[in-house]
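To start, the structure under review is shown below, and the notes come after it.
In the text below, chain A, chain B and the rest are named by the order of the sequence lines, each starting its count at 1. None of these values were measured; they are calculated from a predicted model.
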Amino acid sequence: MPLMGRYSDGITATVHDVVLALDKSVARPELIIADASSYDEIDRWPVDKVFSLPSHKSELRVGVEGRPTGARLVFSGPEPMAVAHTLFPELPHHRRRESGRELRLLGFSTLALVSVVAAYVFGVPLIANRITTLVPPKWETDLGAIAEGQIRQIIGIEGGFAFCDTDPTSLANRAISRFTSEVMAGSSSPFVPTIDVVRSEIPNAFALPGGHAYYFSALLDKTETPDEFAGVMAHEIGHVIHRHGMEGLIASSATGLLVGFILGDMTNVSVAGAVGATLIDSRFSRDAEREADRFAAATARRLGFDPAALATLLERVADDSAMSQSLAFLSTHPLTAERRIALEEMAEETPAPSRDPVFSDAEWRAIKTMCDRTPANQVPQTYETPSVRIQSMPRN
Amino acid sequence: MTDVAQGPWARAKHLGGKPAPTGHPVTFSGRRGELFVRLLRGYLLMVPTLGLYRFWLTTTKRRFYWQNTLIGGERLEYTGSALQLLIGFMFAVGVFLPIYLGFFYLSFQSSTIAMIGYGTAALLLWFLAGYAIYRGRDFRLSRTLWRGIRFDQRGSAFRYALRRFLWSFVVLFTAGLAYPFMAANLWRYRYTHTWFGDRQFSFSGSWRTIAGPFYWAWGAFAVSVAVIVAALIGREPTTIVWSTILSAAVGAACFFYYRSRETSRMFSAVRLGDASLSVRVKARSLFGQFFLYGLSLMGALIVLGVIGFGIATAFNTGFRPTEFSAASIARAGWTGVALGVGGYLATVSAFTLLGEVFIDCGFWMLVSRGATITNIASLDSVGATAEDASLVGEGLADALNVGSF
């Protein structure tokens with residue numbers, strides 16, 4: 001029985017029923033394609049130039065080099081397919097080469113992407129740091145102002161934060177600004193940090209890009225010694241000096257780009273994208289927290305207060321339950337226990353020189369009672385993470 | 001029905017829903033099961049390849065659709081490759097980088113400038129989506145072969161995007177009433193610039209083609225919204241509940257009724273020279289696909305739940321189904337967190353995978369099996385044209401998540 005197939009020449013949209021025969025009389029065997037009814041020869045295809053094309057499992061579809069790209073021979077049904085395969089013994093090799101090429105392409109592009117991700121995870125903290133130094137301080141200050149506005153909206157306090165003590169010349173505020181300038185002494189940072197104690201039920205403190213930091217009254221209530229207070233403030237000023245807010249913004253923008261690339265959704269609207277970005281970003285913020293801790297410890301040595309006091313306060317506020325431990329890899333903060341060990345090690349390296357206490361008794365009493373006078377404003381019940389990355393201190 | 005029921009649609013109706021005797025039915029030989037296997041394999045392979053396998057998955061998925069669609073007994077052939085999609089995506093990344101940097105810069109500006117900037121960027125993306133849709137269509141058509149001849153999308157993607165962009169605001173400001181005009185305008189632009197070899201498609205429809213079903217559906221939906229509003233003003237709880245249920249049912253009915261009519265009538269207005277396409281999709285068949293999707297989703301979620309519970313019990317994680325919350329997952333420690341993240345990914349994948357198997361594939365099946373082509377013999381004289389190797393648009397469609405099939 002002759003081999004029957006359907007043929008299109010790739011020039012006109014007609015399909016011919018054809019009968020096929022192999023001409024082995026020539027040097028390179030040729031496939032004779034002839035009309036099925038008139039047996040008129042239509043074309044001759046060199047057998048070694050024939051390649052197979054992906055098609056439905058019920059048919060074998062082949063094309064040929066040196067003819068229009070749409071030139072096709074189609075064999076339908078198991079029997080014609082089997083006969084056709086004997087005509088083109090090279091086809092399986094072609095196909096294997098083809099799939100081998102695809103597999104290599106997939107493999108190499110995956111490897112390339114893996115190295116991009118690796119370079120990113122290890123390189124971005126360094127690069128973000130370099131880029132940050134290129135960003136004009138003015139931009140960062142402006143960004144801080146925008147972030148402040150957003151945070152006020154989120155926290156929902158009308159007219160902004162409720163400052164515990166609005167008088168800049170009060171004993172407490174003067175003590176805080178004296179401490180701030182002592183911390184900043186000798187620093188080349190372009191920022192002038194200001195720290196305000198504000199009324200809030202959340203035990204927290206954070207610094208915004210550009211230098212404005214906040215110490216919440218609930219945290220002040222839990223702060224028992226001047227050294228603890230100084231430790232937290234030094235930690236926040238550390239964030240300001242190292243420009244962690246800026247660094248975080250640059251890093252998370254880059255992360256968004258990378259995760260968008262992996263998921264193929266550059267608009268970054270998918271939840272999976274947000275989860276992925278959070279996972280990678282948390283790594284950078286934890287590094288930033290450690291850096292701020294180191295700054296606080298160095299400051300403590302210089303100004304003569306106990307670096308470990310910061311950890312004592314952290315332990316009082318934070319609760320290293322099983323839950324927070326298992327979620328630590330998602331959290332932006334290193335575990336308190338881990339931080340305490342690091343802080344104590346730093347404290348042991350060089351014992352603090354004995355000096356006057358960082359705040360006098362009168363100053364500390366004034367600071368502790370800052371929030372006792374002003375009446376409670378609208379106090380927020382819930383606290384959400386603001387959309388702009390802020391560097392926050394302890395939290396529950 | 002009004003005078004809009006013209007052409008093959010009316011003829012088919014006259015013959016009691018059977019295709020005209022001269023018509024060649026389009027057939028679809030694919031099964032959902034086969035697509036499911038391809039998709040499942042692709043989804044799993046995306047994990048070790050960090051998502052890169054999606055270009056190969058798209059290719060294999062298109063081959064499934066194309067190869068199983070037979071027009072006049074000949075299968076369609078998809079000639080695109082994964083490498084082309086990968087390169088196209090790289091181009092799209094190049095388009096997005098400046099936008100990204102722009103966003104980054106804007107985040108430092110005062111809130112007024114930032115708001116204006118974000119608004120402009122949103123409009124730009126909305127415009128770009130239209131551009132990407134057109135270029136994506138160009139990519140698919142120019143890689144579609146039938147009888148050895150290639151399809152093509154010509155015309156300007158920019159002009160199409162501009163039309164879509166401007167029309168979308170007209171539709172918005174007229175509360176949707178201008179939609180039939182927009183739809184007809186865009187369908188006409190798409191099809192009058194579509195080619196099969198050297199033969200140009202045409203589109204005989206107008207806003208009147210879908211005006212009847214659209215305004216009926218629009219009116220019914222408006223009435224149901226008014227009923228809810230009235231019930232809310234009345235503040236009678238039982239009335240509110242019943243009117244909401246009733247309105248939801250009316251809304252769903254409107255959706256299936258209108259979507260089936262638009263699909264049928266618009267596709268039936270497509271001509272290719274002397275050959276014409278006629279499509280009939282029934283609203284109840286369309287509903288059937290969504291119903292199957294809902295059922296399969298329920299089944300899949302039950303299976304996933306049982307598997308998750310089995311793993312949790314096997315690892316003795318302390319997971320208690322009675323207090324299903326983030327805290328209870330976290331309390332279970334690392335395995336709990338892994339189980340939570342894995343469960344989340346599996347659930348999201350189940351939604352999209354089954355959506356592709358039942359909604360997308362179902363739609364393709366309904367349209368292809370409901371389609372007939374009259375005077376197919378007139379296509380014998382179509383000649384081939386030169387190659388088209390554009391890549392960029394498809395990548396953009398991928399990046400903007402507006403790609404289909």
Side-chain angles (χ1 to χ4, degrees), chain A residues 6-15 53-59 61 68-72 74 102 105-107 109-110 113-114 117 135 139-140 142-143 145-146 149-150 249-250 253 256-257 260-267 269-272 275 321-327 329-330 388, chain B residues 29 48-54 56 63 67-68 72-75 77-79 81-83 86 89 92-93 96-97 99-100 103-104 107-111 114 125 145-150 196-197 327 330-334 336-337 341 344-345 348 379-384 387 398-401:
Chain A
R6 291 197 311 287
Y7 166 82
S8 46
D9 57 11
I11 302 167
T12 53
T14 34
V15 179
L53 290 149
S55 188
H56 194 260
K57 56 184 180 294
S58 70
E59 64 176 33
R61 181 176 287 251
T69 47
R72 294 286 182 271
V74 179
E102 291 283 296
L105 178 66
L106 180 63
S109 41
T110 304
L113 188 56
V114 167
V117 172
V135 176
W139 285 22
E140 195 170 328
D142 291 350
L143 184 71
I146 295 168
Q150 287 176 341
L249 188 71
I250 291 168
S253 301
L257 197 64
F261 186 87
I262 289 176
L263 294 174
D265 173 15
M266 304 298 286
T267 46
V269 286
S270 55
V271 183
V275 171
S321 61
M323 173 174 166
S324 67
Q325 267 170 18
S326 62
L327 283 176
F329 81 110
L330 275 169
V388 166
Chain B
S29 61
T49 58
L50 299 185
L52 279 180
Y53 193 77
R54 68 177 181 277
W56 278 263
R63 280 181 188 155
Q67 284 165 8
N68 283 305
E74 288 298 317
R75 294 179 191 276
E77 186 184 326
Y78 178 70
T79 61
S81 73
L83 179 64
L86 181 63
F89 186 70
V93 172
F96 270 89
L97 267 179
I99 298 179
Y100 240 84
F103 268 117
F104 186 67
S107 54
F108 299 111
Q109 305 308 306
S110 75
S111 41
L125 286 180
L145 223 58
W146 180 66
R147 291 183 171 185
I149 301 294
R150 200 173 52 78
F196 173 57
R331 209 173 299 123
W334 273 98
V337 172
V341 173
Y344 166 77
L345 287 177
V348 169
L379 300 178
D380 285 352
S381 56
V382 171
E387 283 297 293
D398 188 11
L400 276 168
N401 227 345

With Thr14(A), which residues qualify under side chain to side chain contact (heavy atoms under 4.5 Å, CB included), at least two apart?
Thr12(A), His16(A), Asp380(B)
Do you know which two heavy atoms are closest between Thr49(B) and Leu113(A), and how far apart they sit?
O-CD2, 4.3 Å
Can you tell if the side chain of Ser55(A) reaches within under 4.5 Å of the side chain of Arg63(B), non-hydrogen atoms only?
no
Non-hydrogen atoms of chain B under 4.5 Å away: do they reach the side chain of Glu102(A), the backbone, both or neither?
both
My understanding is that only residues two or more places apart in sequence, or in another chain, count here; which of them pass side chain to side chain contact (heavy atoms under 4.5 Å, CB included) with Val15(A)?
Arg6(A), Glu74(B), Arg147(B)
Heavy-atom distances under 4.5 Å only: say whether Val382(B) touches chain A with side chain, backbone, both or neither.
both
Chain B shares the most heavy-atom pairs under 4.5 Å, among Gly70(A), Ala13(A), Ala71(A), with Ala13(A)
Side chain to side chain contact (heavy atoms under 4.5 Å, CB included) between Leu53(A) and Tyr78(B), intermediate numbers included:
CA-CA 10 Å; Leu53(A) 290 149; Tyr78(B) 178 70; over 6 Å; no
Side chain from CB out, backbone as N, CA, C, O: work out which of these in Arg75(B) comes under 4.5 Å of a heavy atom of chain A, or both, or neither.
both
Turns out that what part of Leu379(B) lies under 4.5 Å from chain A's heavy atoms comes down to backbone
Is chain A contacted by the side chain of Thr79(B), its backbone, both, or neither, given a heavy-atom distance below 4.5 Å?
side chain
Go through the steps for Ser29(B) and His56(A) under the test side chain to side chain contact (heavy atoms under 4.5 Å, CB included), then give the verdict.
CA-CA 10 Å; Ser29(B) 61; His56(A) 194 260; 3.9 Å; yes
Please round to the nearest 0.5 Å and tell me the distance separating atom CG of Leu145(B) and atom CZ of Arg61(A).
7.5 Å
Could you look at Ile11(A) and say if it's the side chain, the backbone, both or neither that has a heavy atom under 4.5 Å from chain B?
backbone
Which bit of Trp146(B) comes within less than 4.5 Å of chain A, counting heavy atoms only: side chain, backbone, both or neither?
neither
Inter-residue atom distance Asp9(A).CG - Ile149(B).CD1, 0.5 Å rounding
7.0 Å
Heavy-atom cut-off 4.5 Å, strictly under: side chain, backbone, both or neither for Tyr53(B) against chain A?
both
Restricting to non-hydrogen atoms, name the atom on Ala384(B) and the atom on Gly10(A) that form the minimum distance, rounded to 0.1 Å.
CB-O, 3.3 Å
